[in-house]
Number of protein chains: 2
Amino acid sequence: MKKQESPIVYIVDDDPSVRRSLARLIRLEGFRVETFAQAQDFLDEKERTDPSCLVLDVNLPGRSGLDLQRELSSRGYSMPIVFITGYGTIPMSVQAMKDGAVEFLEKPVNDQVFLKAVHQAVEKDRQMKRQYMELKEIQQRLASLTPREREVLPLVVSGMLNKQIAFKLGMTEKTIKVHRARIMEKMEADSLADLVRLAQKGGIDFQKS
Amino acid sequence: MKKQESPIVYIVDDDPSVRRSLARLIRLEGFRVETFAQAQDFLDEKERTDPSCLVLDVNLPGRSGLDLQRELSSRGYSMPIVFITGYGTIPMSVQAMKDGAVEFLEKPVNDQVFLKAVHQAVEKDRQMKRQYMELKEIQQRLASLTPREREVLPLVVSGMLNKQIAFKLGMTEKTIKVHRARIMEKMEADSLADLVRLAQKGGIDFQKS
DNA sequence: GATGCTATTGGACTTTGGTCCAATAACCAT
DNA sequence: ATGGTTATTGGACCAAAGTCCAATAGCATC
């Protein structure tokens, strides 16, 4: 395990004075800060494993804040966003919130309201990263299954008996037992109940015949 | 089963001409409509089992639209809401969206955009009602369990063996078997996998010792 | 006090699932 | 061709779970 670092807040705003004042405010909260003048600069960075969030100006030169939001989510790379804007409209704010923004604030922002939103966004990111890690772990285990095992798994978690599964697949009950044991081992499930939950989180279908 | 009726759209707006024109628009879409001049009138109605949604003016005399939204959700009675407003602000729209509004539109509303939002809201209500019905059904089954059975259930779905459960509760394995059989019967689960899913949907805890 | 529900346990027996050891065959890659 | 993975099956055996039938005891309600 990596040592627990303080969360990092990314600020994208074309106004240097805004960047400076927000950065100062955030640093006082004990967070790390990185600032960018344009959306593209932010996108060029890689590797963001620490808990983090994005403070984003809606009106940016070139790629707008809303564009960046969509770009990020289309990359399956969603980071909680706190929008700030000088000249926002209701449709803008509605669109931002629909796309999952944590908050949408008008300049000048109230410090307390802003910091509360940042804290909330960071917390949300923590949750999402935790979820994501768990999902990745489960999918990794699923990937270690052989084709046959992947075929048997959904039938097992659907509640079918070994005998029934064997019949459905035209095999012996004995064979199913072996597959089943391997599945339990590879998925690191220590009970059927466990396996059902793991399969569910991993997105395994299990409609009964 | 009740005959499938067309969805019903509730409109709350203090402007009679707005009520009339929106109502006409919605009726042409094949929905039923009920209009109200104030939030309180809407709240006084009961029994809303059909798929439905709420079209709500933010600026109402007396209880505002946002108040009504909060009031509804605090009653655990959430109906998808499409907000419309003549004099809205960004904070208003953000608050509404945070509280789960489907859409927040400024007057005069574009007919197509409005109708799309209404359709979406009705669809969301359908989903939620379906979910809710399923949950109610499961909770009803859970309610039919005796205290002992309710105690045994979480242990069963945690993956513990009858033997282990018996030891933990200071009973015989035999007794657990009986409870377990009754649980399966009352929950209408036809396999352990099924029971695990039912318990999960019903919100049963199952941390392992 | 009789009835009904809940909780508990026993015995006998069957079915199902899991374990250990072992074997065969197909296929792929070095 | 030899070794590794995958898929398949067998036998023996044990452990766990489910299924009958049956019994006792507490507790509340009528």
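Every chain is numbered from 1, with letters handed out A, B, ... down the list of sequences.
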Out of [options], whichever nucleotide has its closest atom nearest the side chain of [X]:
X: A:Lys174; options: C:dT9, D:dT8, C:dC20; value: C:dC20
X: A:Arg180; options: C:dT19, D:dA16, C:dG18; value: C:dG18
X: A:Asn162; options: C:dT8, D:dT6, C:dG17; value: C:dG17
X: B:Thr175; options: C:dT9, C:dG18, D:dT8; value: C:dT9
X: A:Thr146; options: C:dG18, C:dT6, D:dT6; value: D:dT6
X: A:Pro147; options: C:dT9, D:dA7, C:dT16; value: D:dA7

ask   = DNA chain C: B:Leu169 or B:Lys177, which has the more 5' nearest nucleotide?
value =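 Its nucleotide being nearer the 5' end, the pick is B:Leu169.
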task = Hey, which sits more toward the 5' end of DNA chain C by its nearest nucleotide, A:Lys163 or B:Glu149?
result = B:Glu149
Can you tell me the distance, in whole Å, between the [atom1] atom of [X] and the [atom2] atom of [N]?
X: A:Leu192; N: D:dA17; atom1: CG; atom2: C1'; answer: 12 Å
X: A:Met171; N: D:dT6; atom1: CE; atom2: P; answer: 16 Å
X: A:Leu161; N: C:dT14; atom1: CG; atom2: C1'; answer: 14 Å
X: B:Ile176; N: D:dG18; atom1: CD1; atom2: P; answer: 12 Å
X: A:Glu173; N: D:dA12; atom1: CD; atom2: P; answer: 16 Å
X: A:Ile165; N: C:dG17; atom1: CD1; atom2: C1'; answer: 11 Å
X: A:Leu145; N: D:dT5; atom1: CG; atom2: P; answer: 16 Å
X: B:Ile183; N: D:dT19; atom1: CD1; atom2: P; answer: 14 Å

Charged N-O contact under 4.0 Å between A:Glu185 and A:Arg182 = no
query = Which residue, A:Lys186 or A:Val178, contacts DNA chain D at a nucleotide closer to its 5' end, judged by nearest heavy atom?
reply = A:Lys186
task = Answer yes or no on whether B:Arg63 is positioned over the face of B:Phe36, meaning its NZ or CZ is under 6.0 Å from the six-membered ring centre and within 45° of the axis.
result = no
ask   = When all nucleic acid strands are considered with a 4.0 Å heavy-atom cut-off, which category describes A:Thr172: base, sugar-phosphate, or nothing?
value =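 Since only primed, P, OP1 and OP2 atoms lie under 4.0 Å of A:Thr172, the category is sugar-phosphate.
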request  = Under 4.0 Å between any heavy atoms, over every strand shown, what does B:Met184 touch: base, sugar-phosphate, or nothing? Just pick one.
outcome  = nothing
message = Nearest 0.5 angstrom please: A:Ser78 OG to A:Lys124 NZ, how far?
response = 7.5 Å
request  = With rounding to the nearest 0.5 Å, note down the distance linking CD1 in B:Ile204 to CD in B:Gln139.
outcome  = 9.0 Å
request  = May I ask you to verify if any side-chain N or O of A:His179 is less than 4.0 angstrom from the OP1 or OP2 atom of D:dA7?
outcome  =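 It does not, given that no N or O in the side chain of A:His179 lies less than 4.0 Å from OP1 or OP2 of D:dA7.
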B:Gln131, CD: over 12 other non-hydrogen atoms inside 6.0 angstrom = no
